[in-house]
Every structure is written in structure tokens, then in C-alpha cells.
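Presented below is the structure to which this report refers.
Excluded from the calculations below are hydrogen atoms, water molecules and symmetry mates; all remaining heavy atoms, backbone and side chain alike, are included. Order of the sequence lines fixes the chain letters, A, B, ..., with proteins taken first and strands second; residue numbering starts at 1 for each chain.
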Number of protein chains: 2
Amino acid sequence: MDWEALIESQPALAVIPPKLRELAARRDTETGEMLFRLGDRLRDIFYVVAGEIRLVRRTRNGMDIVMQRSRGGFFAEASFNTKVYHCDAVVARPGAVLRFPAQAFRAALATDVVFRNAWLVHLAHELLKSRARCERLGLKSAEQRIIHYIESEGADGIVTLSESRKAWAAELGLTHEALYRTLRRLQADGTLDIDADRIILSRRKKRTPPVTGSAS
Amino acid sequence: MDWEALIESQPALAVIPPKLRELAARRDTETGEMLFRLGDRLRDIFYVVAGEIRLVRRTRNGMDIVMQRSRGGFFAEASFNTKVYHCDAVVARPGAVLRFPAQAFRAALATDVVFRNAWLVHLAHELLKSRARCERLGLKSAEQRIIHYIESEGADGIVTLSESRKAWAAELGLTHEALYRTLRRLQADGTLDIDADRIILSRRKKRTPPVTGSAS
DNA sequence: CGTACTTTTGAATCGCATCAAATCTGGTGG
DNA sequence: CCACCAGATTTGATGCGATTCAAAAGTACG
């Protein structure tokens, strides 16, 4: 496996110790395929290289409850020390995953100080991001969510999107139409400057209310 | 400090090694008080015993962006190994916190295998819960969010609420009115059985669509 | 050049938020 | 024990904003 190139595109993999890397197996995934099922004995820790994997729990009524959706990065980090998987993992979009034997993964955590610390930092950072996302999704309006995103994910009021706006809309819990319309409005009223993938939150107050209507 | 009683009410504290416990300081908190500010050198890891603490980032426009809201449990877990705090921590509801010196906390993580593993498990579990919550908040309707909650937080379609419904509504990203009304409707159409704090998702299909309208 | 996907705009609808208010609850103090 | 208060619970009416459905134009890719 070409780890050089892989780490280039997936920085999170850099912390994996060489010994553990050698045990990893790459596997291409097809839509609908299942990586594991609820109750399966836990054998592997997965890393999503491409595509999308979903952790789902199936209800009595045949409905799917999505617990997590991963498009790049470690997957089901919480499972690393349990005996069995607690959900099904289904491929939602074709791609590829890396499989690390859980046994070796745990051993590396136990013995490799650097790896362990990196893993701790990784978990903590993911948790921070996820919590911020929850707060964002709790906001009621599209405008609030967009501004929250820029303030929390960006630097100094500027974000550079690495995904399509449609995907951004999904991350914000909005339809893409709502996102497009709100972006346009915020740009029109001077709240945002938009330059392709760079979204800039203007320094001046976003409220310029006393303008009657939309002009005469 | 009476750790016996504290651990009784706060199981998460059980994993803290005795040596670290002795270094903890309890502190009562008043609404509006700030535990730390953005840029402060990181000295303590906090645990919220009662009340509510918010991690907020202030925007140029004077708006507050809430990054996290904690009502019991460790707080800002992600900060444990950074040099400075990246947000302000303000008390939203009066209560009390425990302060653990970050230095000792890190040392305990490095030396105490049991504690370290428990912390790893704790982080992973929090991450799982937070991700599931994000998925839930991405759902568009009150009904879907309620069912998702029961399926993901409950056991076998049954949850016992430990909080008021108003607080539950906030966690679901709904107003309490919307929650009350939807619960009532789901109970009326047989989707849910509600017995005080026990909410039970009926086994039979919640969809009985071919009934034309709302009857004639 | 055609296909698939994103981006963009339009129009209509519906569900949730919002504002209001009444009832119920638990807890406090007289 | 009762009066009283703060908060939760519940119901009603109204409006807005996001969803939904639809369709056109732009873009990337083979």
C-alpha cells in the first residue's frame, strides 16, 4: 500500500504507527454492501478513504435510523474497545476503506505513547467539532446556522469551503435551495462577501434594519 | 470533599484516580460568571456538577456563538492538552463545578492505565452520542426526531426520560410546544405509548396511511 | 456531444416558531 | 395548612420561513 500518497491526502492517518500500518488492508466498497452487522464480533477498526459509510440501526418497522455518517476519517471510533458492533455499517456511496485489526489497534494504543496521545487528541477534537455542530443544528434559521458555521469552522470570519454547496447545505441541516437563497440574501445585504469558495463574514454589523422595504 | 456522595450522583467521576481527586477543588458558580476566557492559559479541567456552563465565542458584531453547552459532566474535554482556551466559558445557570489541575490530569492520564482507558472510552462514547444527536437534528420533522431519539437513546423502543419535557424539547431542537403537540398526536395515532416518563414506541407500524383524509 | 450533477430561480404548501394564556406542579414561607 | 410563587405543562391562533416540487441554466467529465 502506498502510505506516502495516502497520508498526503488523509492527514489523520499520519499518527498511525508503521507496525500498525503494515496490518491494514484496503478494501473497495460497493453501494449497499455491509461492512459489519449489529451483534457481529468486533474484528476491525475502519477508516473511510472515499465514499460514504453509514452506521444505521434498523427499527421494527423497517425504518433506518442513521447514527453516524462518515465521508472520510475513522469510523465508529466508539467501537474500538467493545466486544461487538452495536449497529450495521452500510455503504451509502462507493469508495474504499482501510481495515485495521482491532487487536493490533488496541495493542498499539497501549504501547505506543505517541500514537495514544494523538488518538486522544483526535477523539477530543472530533468531539469538540461534533458538539459545535449540534449547537449549530439547534439554531432555527438558515442565516444563524451559516454564521455559526463561519464563526466556528472558519478563521477570523473567513471559511474556504472544501465541499460543494449542496454538501454544505446537508451539513447545515438545510435543503440546498434554502442555502442558496439565504447566501444570496446575506450577500445582498452586505453581511457576507462571497468569492467562489471563500465566504467572508463582514466586519460591520449585519443588521441594517431601518431601510423600510426592499427599496422603492 | 464527599466523594462518596458525589460519585453516587455523578457516575462519570468514578474513574478518577484518588490521587487526582484530592487535587480537585469545588467551586460554586453564579450566572454570568466566567470560568475562563479565550486566550487564557489552560490551568484546569472542569467538571460540571450542577447548573449550566456554555462555551461561547464572541463575534465582532457582539453576537454569542455557543460552541457547547454542558449540564453535568466533563466540560471542554478537547482542551485537555492545549496550551490556551479557545473559547469563553460562561455560567448560564448557577450551580457548581469541580476544577482539576490540568497538569495533574495529564499526568494521571499518562501513568494510570485504568484511568486512561476509562477516559478513552468516555471520549469515544461521548463522540458516538454527539454524532447520533447531529444526525437527529438533521431530521426535518418533530416526529422523526422523537422516533430517532427513542431508537438511539432508548433500549428496545423504550426510553425513560430523566429530564423535563421542556429540556427534552431543547435537546431535540424543538420548541416545547411543538414537542407537546407531536407527542400527543403520536399517542393518539398509536405510534407511542406514554406513561409519565416512560415513552414506548409501539411495535406495530406507525404508518396507517390509506385512510383517505382525516376521516369523513 | 451527451450525461450526470450542481447551481440557480420560481411558486405553493406545510410545519414549526412565536405569541398568548390557562392550568398544573412542586416548593417556600407565613 | 394555605397562600403564593416559579416553573413546567398544555392548548389556541397566527405568521413566517424552510421544505417541497418544478424547471432552467451552468459545469465537469468521458
(message) Just to verify, what does B:Thr160 make a side chain to side chain contact (heavy atoms under 4.5 Å, CB included) with, not counting sequence neighbours?
(response) B:Asp197, B:Arg198
(message) If the condition is ring pair (Phe, Tyr, Trp, His ring centres under 6.0 Å), which residues does B:Tyr149 pass it with, not counting sequence neighbours?
(response) B:Trp168
(request) Measure the angle between the two terminal helix axes of the helix from C:dC1-D:dG30 to C:dG30-D:dC1, five base pairs each, and quote it to 10°. (result) 50°
(message) Test your reading of the model: is there a side-chain donor-acceptor pair from B:Glu143 to the backbone of B:Leu186, 3.5 Å cut-off?
(response) no
(message) Applying side-chain hydrogen bond (donor to acceptor under 3.5 Å, both in side chains) as the test, list every pair that has at least one member in residues 169-181 of chain A; sequence neighbours left out.
(response) none
(request) Report the distance from atom CG of B:Leu174 to atom P of D:dA18, rounded to the nearest whole Å. (result) 16 Å
Scan nucleotides 24-30 of chain D against the protein and return all N/O pairs shorter than 3.5 Å with their distances rounded to 0.1 Å.
none

(request) Specify the separation, in whole Å, of atom CD of A:Glu143 and atom P of D:dC16. (result) 16 Å
(request) Could you pull out all residues at least two apart from A:Arg57 that satisfy salt bridge (Lys or Arg N to Asp or Glu O under 4.0 Å)? (result) none
(message) Tell me which pairs pass salt bridge (Lys or Arg N to Asp or Glu O under 4.0 Å) where either residue lies in residues 86-98 of chain A, with sequence neighbours left out.
(response) A:Arg58-A:Asp88
(message) The test is side chain to side chain contact (heavy atoms under 4.5 Å, CB included); show your working for B:Leu201 and B:Thr191 and say whether it passes.
(response) CA-CA 6 Å; B:Leu201 187 55; B:Thr191 307; 3.9 Å; yes
(message) Between B:Glu153 (side chain only) and B:Val159 (backbone N and O only), is there a donor and an acceptor less than 3.5 Å apart?
(response) no
(message) Just to verify, what does B:Ala118 make a side chain to side chain contact (heavy atoms under 4.5 Å, CB included) with, not counting sequence neighbours?
(response) B:Val15
(message) Under the rule for side chain to side chain contact (heavy atoms under 4.5 Å, CB included), what residues qualify as partners of B:Leu20, not counting sequence neighbours?
(response) B:Ile16, B:Pro17, B:Phe100, B:Ala104, B:Phe105, B:Ala108, B:Phe115
(request) Answer yes or no: does a side-chain N or O of A:Ser141 lie under 4.0 Å from OP1 or OP2 of D:dG17? (result) no
(request) Anything under 4.0 Å to a heavy atom of chain B counts; send over the first and last such nucleotide of DNA chain C, read 5' to 3'. (result) C:dC16 to C:dA20
(request) Measure from CZ on A:Arg145 to P on D:dG17 and round the result to the nearest Å. (result) 14 Å
(request) Starting at the 5' end of nucleotides 4-12 of chain D, put B wherever the base has a protein heavy atom under 4.0 Å, S where only the sugar-phosphate does, and a dash everywhere else. (result) ----SBBBB
(request) Would you check if B:Glu126 and A:Arg131 make a side-chain contact, meaning some heavy-atom pair closer than 4.5 Å? (result) yes
(message) For B:Phe36, give me all partners under ring pair (Phe, Tyr, Trp, His ring centres under 6.0 Å), at least two apart in sequence or on another chain.
(response) B:Phe46, B:Tyr85
(message) Test salt bridge (Lys or Arg N to Asp or Glu O under 4.0 Å) on B:Glu33 and B:Arg27; report intermediate values, then the result.
(response) CA-CA 12 Å; B:Glu33 184 182 349; B:Arg27 169 174 167 188; 2.5 Å; yes
